[in-house]
*Asks:* 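What follows is a structure written as structure tokens; I'll ask about it next.
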Amino acid sequence: MNQVESIPHPAPPVVVVVGPRGSGKSTIGRLLAERLERPWHDLDQLALEACGLRTIREVFEGPGESRWREAECAALRRQLDRGPQVLSL
């Protein structure tokens with residue numbers, strides 16, 4: 001190990017993983033959280049819990065896209081105030 005690798009680098013309080021659908025955000029988020037020893041959260045899952053439904057499709061077919069976007073925004077605001085973590089968007 002060289003000297004640079006041995007210097008501890010503090011991680012930011014919240015690491016946000018972003019990318020297109022199906023790009024591996026959840027996989028990378030879980031692995032990164034494990035490596036940083038932080039909790040990992042998925043925004044889609046948090047928003048689904050807020051809507052009380054099991055799938056995004058159910059939300060779009062039921063309450064609709066506007067309800068989904070409201071749930072996403074509320075979940076993101078809430079989660080960003082919860083301390084160190086990895087959050088997949």
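Keep in mind that the numbers below use all heavy atoms, side chains included, and drop hydrogens, waters and symmetry copies.
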*Asks:* For the hydrophobic clusters of this structure (ILVMFWY residues joined by side-chain heavy atoms under 4.5 Å, transitively), does one cluster hold both Val14 and Leu32?
*Replies:* no

*Asks:* Which pair of non-hydrogen atoms, one from Ala71 and one from Ala47, has the smallest distance, and what is that distance?
*Replies:*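 Closest approach of Ala71 to Ala47: CB-O, 3.8 Å.
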
*Asks:* What residues, two or more places apart in sequence or in another chain, satisfy side chain to side chain contact (heavy atoms under 4.5 Å, CB included) together with Pro84?
*Replies:*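 Pro84: side chain to side chain contact (heavy atoms under 4.5 Å, CB included) contacts with Arg38.
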
*Asks:* Between Gln79 and His41, what is the shortest heavy-atom contact and its length?
*Replies:*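 The pair with the smallest heavy-atom distance is NE2-CD2, 3.2 Å.
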
*Asks:* How long is the straight-line distance from CZ of Arg78 back to CG of Leu43, given to the nearest 0.5 Å?
*Replies:* 9.5 Å

*Asks:* Remaining members of Leu31's ILVMFWY cluster at a side-chain heavy-atom cut-off under 4.5 Å?
*Replies:* none

*Asks:* Should Val18 and Leu87 be regarded as members of a common hydrophobic cluster, given that ILVMFWY residues are connected when their side-chain heavy atoms come within less than 4.5 Å of each other, either directly or indirectly?
*Replies:* yes

*Asks:* Please name all residues satisfying side chain to side chain contact (heavy atoms under 4.5 Å, CB included) with Glu34, sequence neighbours left out, ordered by chain then number.
*Replies:*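 So Glu34 forms no side chain to side chain contact (heavy atoms under 4.5 Å, CB included) with any residue.
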
*Asks:* Same cluster or not: are Leu46 and Leu89 linked, directly or through other Ile, Leu, Val, Met, Phe, Trp or Tyr residues, by side-chain heavy atoms under 4.5 angstrom apart?
*Replies:* yes

*Asks:* Could I get the full list of side chain to side chain contact (heavy atoms under 4.5 Å, CB included) partners for Ala33, not counting sequence neighbours?
*Replies:* Trp40, Val86

*Asks:* Please list, one pair per line, the donor and acceptor atoms closer than 3.5 Å that link side chains of residues 52-61 to other protein atoms, with sequence neighbours excluded.
*Replies:*
{"from": "Arg54", "atom 1": "NH2", "to": "Glu58", "atom 2": "OE2", "distance (Å)": "3.4"}
{"from": "Thr55", "atom 1": "OG1", "to": "Glu58", "atom 2": "N", "distance (Å)": "3.0"}
{"from": "Arg57", "atom 1": "NE", "to": "Glu61", "atom 2": "OE2", "distance (Å)": "2.9"}
{"from": "Glu58", "atom 1": "OE1", "to": "Arg54", "atom 2": "N", "distance (Å)": "3.0"}

*Asks:* Could you note down all residue pairs passing salt bridge (Lys or Arg N to Asp or Glu O under 4.0 Å) where residues 62-77 supplies at least one of them, sequence neighbours left out?
*Replies:* Glu65-Arg69, Arg69-Glu72

*Asks:* Among pairs that include at least one residue of residues 13-28, which meet side chain to side chain donor-acceptor pair (under 3.5 Å), considering only residues two or more places apart or in two chains?
*Replies:* Ser26-Asp42

